[in-house]
Amino acid sequence: MASEFAVERYRYVLEQKRRLNEATFKIASVYQVFIVAVGAGYYTLVKDVTAQDISEASYRAGVLALLLANVFVSAITVSLLVGGIASWLSYKQEEAETLGKDLGIDDRPHLIRRLLSWYETYIILAVLCGLIGHSVIIWQGIPR
């Protein structure tokens with residue numbers, strides 16, 4: 001029979017994994033708000049340069065600033081998500097040890113097999129694809 005300490009440890013690990021999942025969704029939400037702000041910034045720049053309210057140099061500087069902000073926020077977002085995955089794997093290992101030692105259940109994490117089932121993987125891919133697409137568009141010629 002599992003000891004009371006092992007049960008409490010297992011509950012703690014499950015609670016920490018739940019908090020990591022919540023943090024992931026918060027990170028994705030903040031990134032989505034940022035992307036909307038970048039889109040609004042581009043819209044404003046294009047509208048103002050078309051109406052000749054700003055100079056071509058100001059327009060180019062604004063577009064470059066938006067690209068650099070996107071690079072910075074994307075790097076932070078990916079770093080936070082990778083850190084969350086590393087923490088999740090650590091908690092999963094602790095969970096597997098608790099289950100294995102006290103209950104005789106083999107529940108070790110299988111990284112490669114689970115990689116495609118994590119929504120973090122797809123969020124990271126979306127962030128990187130967006131950043132690459134944004135960069136390609138900018139380097140092909142600043143759109144107007």
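Treat the numbers as computed from the prediction; the structure is a model and nothing was measured.
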message: Under 3.5 Å, is there a donor on one side chain and an acceptor on the other for Ser74 and Thr77?
response: no
Nearest 0.5 Å please: distance from the [atom1] atom of [X] over to the [atom2] atom of [Y].
X      : Y      : atom1 : atom2 : result
Leu80  : Ser87  : CG    : OG    : 10.5 Å
Ile54  : Leu45  : CD1   : CG    : 5.0 Å
Tyr91  : Arg19  : OH    : CZ    : 9.0 Å
His134 : Ile137 : NE2   : CD1   : 7.5 Å
Thr44  : Asp53  : OG1   : CG    : 11.0 Å
Glu4   : Glu8   : CD    : CD    : 6.0 Å

Partner set under salt bridge (Lys or Arg N to Asp or Glu O under 4.0 Å) for Lys26, not counting sequence neighbours: none
message: Regarding Glu94 and Arg9, does a basic nitrogen lie under 4.0 Å from an acidic carboxylate oxygen?
response: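 Yes, charged N to carboxylate O under 4.0 Å.
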Any chain of hydrophobic side-chain contacts (each under 4.5 Å) joining [X] to [Y]?
X     : Y      : value
Phe72 : Tyr31  : yes
Val30 : Leu125 : no
Phe34 : Phe25  : yes

field: Thr24 vs Trp88 side-chain heavy atoms within contact, under 4.5 Å
entry: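 Of all side-chain heavy-atom pairs linking Trp88 with Thr24, none is under 4.5 Å.
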message: Going by side chain to side chain contact (heavy atoms under 4.5 Å, CB included), Val13 matches just one of Arg11, Gln16, Lys17. Which one?
response: Lys17
message: Show the nearest heavy-atom pair for residues Ser135 and Leu67, with the distance to one decimal.
response: OG-CD1, 3.7 Å
task: Considering non-hydrogen atoms only, spot the tightest contact between Ser55 and Val49 and give its length.
output: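 That closest heavy-atom pairing would be O-CG2, 4.2 Å.
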query: Run the side chain to side chain contact (heavy atoms under 4.5 Å, CB included) check on Val73 and Val38 step by step: do they pass?
result: CA-CA 11 Å; Val73 172; Val38 167; over 6 Å; no
- request: Can you establish whether the number of heavy atoms outside Tyr119 located under 6.0 Å from its atom OH is more than 12?
  value: yes
